[in-house]
Structures are given as C-alpha cells and as structure tokens.
Amino acid sequence: MFKPRLPFRKKMGSVIYVMFLLATMIGIVGLVVLLAQVLAEGAPWLNWNFLNSYPSRHPEEAGLKSALWGSVWLMGLTAAFAIPIGVGAAIYLEEYAVQSRLTGFIEINLSNLAGVPSIVYGLLGLTLFVQWMFSGERVLLAGAMTMALLVMPIVILASREAIRAVPDTYRQAGYALGAEKWQVVKGIVLPQALPGILTGTILAMSRALGEAAPVIAISALVYLTFVPAHPLEQFTVLPIQIFNWTSRPQDEFRGIAAAGIVVLLVVLLTMNAVAIILRDRYQVRSDT
Amino acid sequence: MPVNLAQSEISQIETRIERSESSAEIAELEQGLQVWNGRLERIESQSPFSYVERGVVSAWEFFTGTRWTPILKPRAYGVLPLVGGTLLIAAIAALVALPVGLAAAIFLSEYAPNKVRRIVKPVLEILAGIPTVVYGYFALTFVTPLLKILFPDMLVFNALSAGLVMGVMIIPMVSSLSEDAMNSVPNSLRNGAYALGATRVEVSLRVVVPAALSGIVASFIIAISRAIGETMLVTIAAGATPNLTINPLESIQTMTAFIVQLSLGETPHGSLEYNTIFAVGLLLFFITLVMNLLGHFIVRRWREKY
C-alpha cells in the first residue's frame, strides 16, 4: 500500500529549507564579518596623513600616496587601451561580422580568455610588453597594456550584450530614413547601448583596480617614494602596497594594511555604485 | 647562435680555468669567460623562449619529481608539490563552496520571493568583486587565529584557512550560475511534480536540480578552475613551502604563489630558476583551460532542451 507519510516529509522539508536559508546566509555573514574586521583594524590608521605620505619602514609615517596615484594612472591608461579596442571589437562582432568559422573561433576564445588566471596574463605581459617592448623596464605603460588584455574580454562581453539588447526596429527606422550602416551604428545603436557599455566598462575597471597578481608578475615595485609623472616611469598600485604591508611581521602593519584595504574598498564600491546608478537612470529614460 | 653552444663554451672555459696553473693564463681565460657570459646574456635577453631551447630539466623530472626547490640547493624541479598544494586548496574551497553555493542557489531560485532575490543576489556578487588581497588579509589575520583555537598546532600559514576563505569567495560563482540554470527549468516540470503530491523540497531536489544538472556541474567546474588560478589569497595565507601533503594544517605553496614569490625575489631574468615560472605558468594555463573548455562543453552538449 502507498503510504504518503506526509507529516514526516513536510518536517524534512522544513529542516532542509532551514539549511538552504543558512547556506544563503553564510556568504552574507562572511561579507559582513570581513568588512567589520577590516574597518575595526583599519579605522585608527585612517587619516589625511595616511593618504598623503609615502610608504615607510616606520608604521606611524607609512602612507599610500605612491600606490594611490599609481592606481589612478594604471586605471586611466588601462581604460585608454581597453575601452576603444573592446567596444570596437564588440561593435564589429555584433553589427558587422558575418557568422563564419573565424567569428566562431573568436567567440570561443573570448569566453575562454575570461577564465584564464590573472597571473598568466601577468606572465604574458612580462614577456610581451616588459621584455620585448620596453626591454626589461617595468613601466606603467607595460602594466596598463597587461591589465588591458586582462579586462578586455569583460568589456567586449558586456558591450556585446548591450548592443544586442538594442531592438532591431531602431536600426530599421534608421535605414528607413536613409542612414548608412555606420550612421545607424553611431547615431542610434551606440547611444542606446551606452549605459550597458558604461556599466560593463566600470565593472572591468574595478576588476583591474583590485588585481595585484599580474602587476606583481611584471615586477612592479612594492616600495616607491615618488608619484609617477609619465607613463614610462616605474609604479606601484594599491593592492601591491596592501600585499606588502600584509607580509610585514610588525603588528602595526596589519592595521595599516587594513586601512589601505578600506581605501581600496571605498573606491571599488563607489565605482560599482556608479555603475548601478548609471544603469538604472538610463533604463528609466529609455523606457519613457 | 643556440644557447647551449654558448653554455658549453662557458663550461669548457671554466674547466680550463680550474685546471690551469699560471695566473696569466687564468686572467686571459677569465676575460674570455666574461665575453661568453655577455654573449649568453644577450642571446637570452633576445629570446624569451630560451627556457625551451635550454632543455636542462627533462619533462619526466618536471612532471614526476616530488621535490620542488628551484631556488635552493640542491635544486630539484619536480612540479608535483606545487600541483598538490594547488589541488589541496581547491579541494577545501570546493568542499565549502559547492554545497553552500548550490543550497543558496536552490533557496534563491525555488524559495525566495522576487524582492529577496533581487537584494540577496547582488550582495552575494559583491563577494566575487572584492580584491583577493583583501581575502588573503582576512584569512591571515582573522580566520587563522580563529582556527588556531580549534587546532593549536596549526601553522600560521596553512592550507585550511586559505581554502576556507577561498570557498567563501567562490560561493557566488556557484550560486549565481546554478541559479540561472535552475531558473530556466520550465514550471510545467514543477507543476507536474506538485500534481503527484511532491513537497517543495522534493520538487527542488528531485526535479529541478536534476533538470538543471548540466548547468550546475558547469558552475562547479568553473568555480574550481577559478580556485586553481587564484593568486593573492594563497600567496598571503597559504605559505611558501612546496610540500606534497594532504594535511590542511601544514603550510603549502600553490603554482600561482610560486610565480609571485619568484617575481618578487631577486632572481635574475633569463636564469633557469627564473624561467621555471613560465613552465609553471604554462601548466597552470593548460589546467584551467581544459577545465573551462570542459565547463563550456557540458553546458552546450548536455543542456536539457525544453
């Protein structure tokens, strides 16, 4: 005879439900604990002096000026490489490319590149840019080119999504008015896709901001007491400075590392917030 | 000129210096040695693939050796300790992230009301956007001291702490991709099961999860691949001791952490020791590439068609 055992199954159901709920909380709790720990350790060290002085062996004097400006430089240069090439590639693949074996190959490669470990990009940058292009000099430009390679797949994927989301009727309306292909792309598709492209770009930049491994692999310096003045100078960035402080034995440097992390996270979360706001704002506008 | 020619010339001169008696001859030979060293350096700086040409380490030694000491004498170039360390960390991370991530995905897809999901999902995704140096710091200064209460003889740099934190880091990767897969399971399957009298948990675990299995497995593979390639977290928290062990309380070194260690050090460019990072990097690239291809393949081939 069939026994439904419904009360037992329902009880099991609620037990397992609680487990699902707890599992969802683990990540959130982890995030909260991490942020609280970093804030608690870092807050005492956060002041104007910290932002505006160079790294030092003495904890009281240590600051992240060179790393902060190095990160700003690296972001700017990375964006200068990654955005035009990435968006250009996305426009080509979405609007111009005919489905062929070549485009299929490019697509498979793009999705695979997004999964390549960042340290491998660092080794590539070390060989390609530092050793070949700049004959052994670990300059900002080489770092930016390495980072651009790393984030390019993200920019391309996000831009393609955004371009694909523009309805075809818009394009046809453009053609009906007698516009050329490029005029349609420039005047109709790109403005419509811009919020999506911007969102993807900002997220890619925030990835580049947080990455330390590729920059370490191209041997960026960890101890620098000047702000780079042009793209052919040596540099250091925030994550490397934090990494360096983390590996110091003195207890004070733990607090300083935490303070550096707070700065890094504030910049990152601001960028992410900007990305979200941009997306929301433009979405509303294009709906009305 | 091939690198090994210059090398053999150098070693010949070196033996002649050792055997020679007169100081004048030694001085002359040393001059010659300098010239050849300069040539060797120039060749190596020109050819970034010199480590391939040199062929000093046999593939057999590289893949089967159980000692990895490229910068300490006696030198040994067996990559297994690095691979073992990498897999140990990835395994601990997987033990955390796969069940937790899957359970979170089931909750988000099958239980959570839309409002909750729209808040929880982005919050979880923040986890994936936090720089990995931050996770390294967290593992070293918070999780390790906490675990020391449980395991007093644990080392400061250890695989367990790094693996656990890595597990939390890759939860969103599993939960987000798995949730997408479960979301695309059509409601008719769920309704059919409810009509047969199944409870919600039974529908989730016995209908939705099997139907979305290809997507779930792919998310597992991609998350593990990410754990294998992760660098800063393991460099900071797991140590720098190439160590073929399955004891998570010990200090180990991963492939990525080794590359960082050598990049930071004083090892001269072009030397064999230095070029080991390319060999290790290449191996790492192939491992992650195969896993990513496998992930894409599973999604494409075994996706249930509705």
Side-chain angles (χ1 to χ4, degrees), chain A residues 4 6 9-10 12-13 16-17 19-24 26-28 30-31 33-34 37-38 41 108 111-112 115-120 122-123 126-127 131-132 135-136 203 206-207 209-213 216-219 222 239-240 242-243 246-247 254 257-258 261 264-265 268-269 272 276, chain B residues 45 48 99-104 106-108 111-112 120 122-124 126-127 129-138 140-142 168 171-172 175 197 199-202 205 222 225-226 228-232 235-236 256 259-260 263-264 269 277-278 281 284-285 288-289 291-293 295-296:
Chain A
L6 206 55
R9 282 163 53 203
K10 284 212 161 143
M12 276 303 286
I16 297 176
Y17 166 74
M19 283 166 61
F20 290 160
L21 191 66
L22 285 179
T24 315
I26 286 181
I28 297 172
L31 183 67
V33 172
L34 188 153
Q37 145 89 358
V38 167
E41 289 260 352
I108 292 172
S111 59
N112 278 330
V116 171
S118 57
I119 187 92
V120 173
L123 291 180
L126 175 67
T127 313
Q131 308 280 41
W132 279 5
S135 48
L203 291 181
S206 67
R207 167 95 192 270
L209 181 64
E211 281 284 356
I216 287 182
I218 68 161
S219 324
V222 288
I240 291 187
I242 294 165
F243 167 60
T246 311
S247 49
R254 272 180 38 180
I261 287 173
L264 180 63
L265 287 182
L268 270 180
L269 293 180
N272 286 1
I276 292 168
Chain B
S45 65
V100 172
L102 181 58
I106 295 174
F107 175 78
L108 288 176
Y111 287 89
V120 171
V123 170
L124 276 182
I126 291 178
L127 276 177
I130 287 183
T132 57
V133 264
V134 180
Y135 282 108
Y137 173 86
F138 184 62
L140 187 66
T141 64
F142 187 79
V168 173
I171 285 175
S175 67
T199 62
R200 194 154 198 175
V201 167
E202 286 161 354
L205 289 180
I222 290 169
S225 163
R226 173 79 186 269
I228 287 176
E230 213 302 298
T231 306
M232 297 316 294
T235 307
I236 293 172
T256 51
I259 297 174
V260 168
S263 303
L264 286 173
H269 284 245
I277 65 174
F278 291 94
L284 176 67
F285 172 75
T288 52
L289 182 70
M291 294 195 69
N292 290 331
L293 284 176
H296 290 297

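Naming: A, B, ... by sequence-line order, numbering from 1 per chain.
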> What pairs with B/Glu202 under side chain to side chain contact (heavy atoms under 4.5 Å, CB included), at least two apart in sequence or on another chain?
Replying inline: A/Arg9, B/Ala198, B/Thr199

> With a 4.5 angstrom heavy-atom cut-off, which part of A/Leu268 approaches chain B: side chain, backbone, both or neither?
Replying inline: side chain

>> Heavy-atom pairs under 4.5 Å with chain A - which of B/Met291, B/His296, B/Arg200, B/Met232 has more of them than the others?
In response: B/Met232

> If you count heavy-atom pairs under 4.5 Å with chain B, which of A/Pro4, A/Ser118, A/Ser111 comes out on top?
Replying inline: A/Ser111

> Under a 4.5 Å heavy-atom cut-off, does chain B meet the side chain of A/Arg207, its backbone, both or neither?
Replying inline: neither

>> Quick check on the interface: out of A/Leu123, A/Leu34, A/Val120, who has the most heavy-atom pairs with chain B under 4.5 Å?
In response: A/Leu34

>> For a 4.5 angstrom cut-off between non-hydrogen side-chain atoms, does B/Leu205 reach A/Ile16?
In response: yes

> Side chains of B/Val134 and A/Ile242: closer than 4.5 Å at any heavy-atom pair?
Replying inline: no

> For B/Tyr111, is it the side chain, the backbone, both or neither that has a heavy atom under 4.5 Å from a heavy atom of chain A?
Replying inline: side chain

> Can you name the one residue among A/Leu31, A/Thr24, A/Ile28, A/Ile26 that meets side chain to side chain contact (heavy atoms under 4.5 Å, CB included) with B/Ile171?
Replying inline: A/Ile26

> Should A/Phe243 and B/Thr235 be marked as a side-chain contact (heavy atoms from CB on, under 4.5 Å) after you check the CA-CA gap, both sets of side-chain angles, and the distance that decides it?
Replying inline: CA-CA 9 Å; A/Phe243 167 60; B/Thr235 307; 3.8 Å; yes

> Which bit of A/Thr246 is near chain B, if near means a heavy-atom gap under 4.5 Å: side chain, backbone, both or neither?
Replying inline: both

>> I'd like to verify something: which residue of B/Val168, B/Ile259, B/Leu289 has the highest number of heavy-atom pairs under 4.5 Å with chain A?
In response: B/Ile259

>> Need one label for B/Leu124: side chain, backbone, both or neither, based on atoms under 4.5 Å from any heavy atom in chain A.
In response: side chain

> Does a side-chain heavy-atom distance below 4.5 Å link B/Thr288 with A/Val116?
Replying inline: no

> Is it the side chain or the backbone of A/Leu22 that comes within 4.5 Å of chain B heavy atoms, both, or neither?
Replying inline: neither

> chain A heavy atoms under 4.5 Å from B/Phe142: which part of the residue, side chain, backbone, both or neither?
Replying inline: both

>> I'd like to know whether B/Ile236 forms a side-chain contact (heavy atoms from CB on, under 4.5 Å) with B/Tyr137, so could you lay out the CA-CA distance, the side-chain angles of the two residues, the decisive distance to 0.1 Å, and finally the verdict.
In response: CA-CA 7 Å; B/Ile236 293 172; B/Tyr137 173 86; 5.6 Å; no

> Can you tell me if B/Thr256 uses its side chain to pair, donor with acceptor, with the backbone of B/Glu230 under 3.5 Å?
Replying inline: yes

> Quick one: does B/Tyr135's side chain have a donor or acceptor within less than 3.5 Å of a partner on B/Leu127's backbone?
Replying inline: yes

>> Counting heavy-atom pairs under 4.5 Å with chain A, which one of B/Ala103, B/Pro122, B/Gly229 comes out on top?
In response: B/Ala103

>> For A/Leu21, which atoms come within 4.5 Å of any heavy atom of chain B: side chain, backbone, both, or neither?
In response: both

>> With side-chain contact (heavy atoms from CB on, under 4.5 Å) as the criterion, how do B/Val260 and B/Thr231 come out once you've worked through the C-alpha distance, each side chain's angles and the decisive distance to 0.1 Å?
In response: CA-CA 8 Å; B/Val260 168; B/Thr231 306; 3.3 Å; yes

>> For B/Leu102, which atoms come within 4.5 Å of any heavy atom of chain A: side chain, backbone, both, or neither?
In response: neither

>> Among B/Ile228, B/Thr141, B/Val123, B/Ile126, which residue has the highest count of heavy-atom pairs closer than 4.5 Å to chain A?
In response: B/Thr141

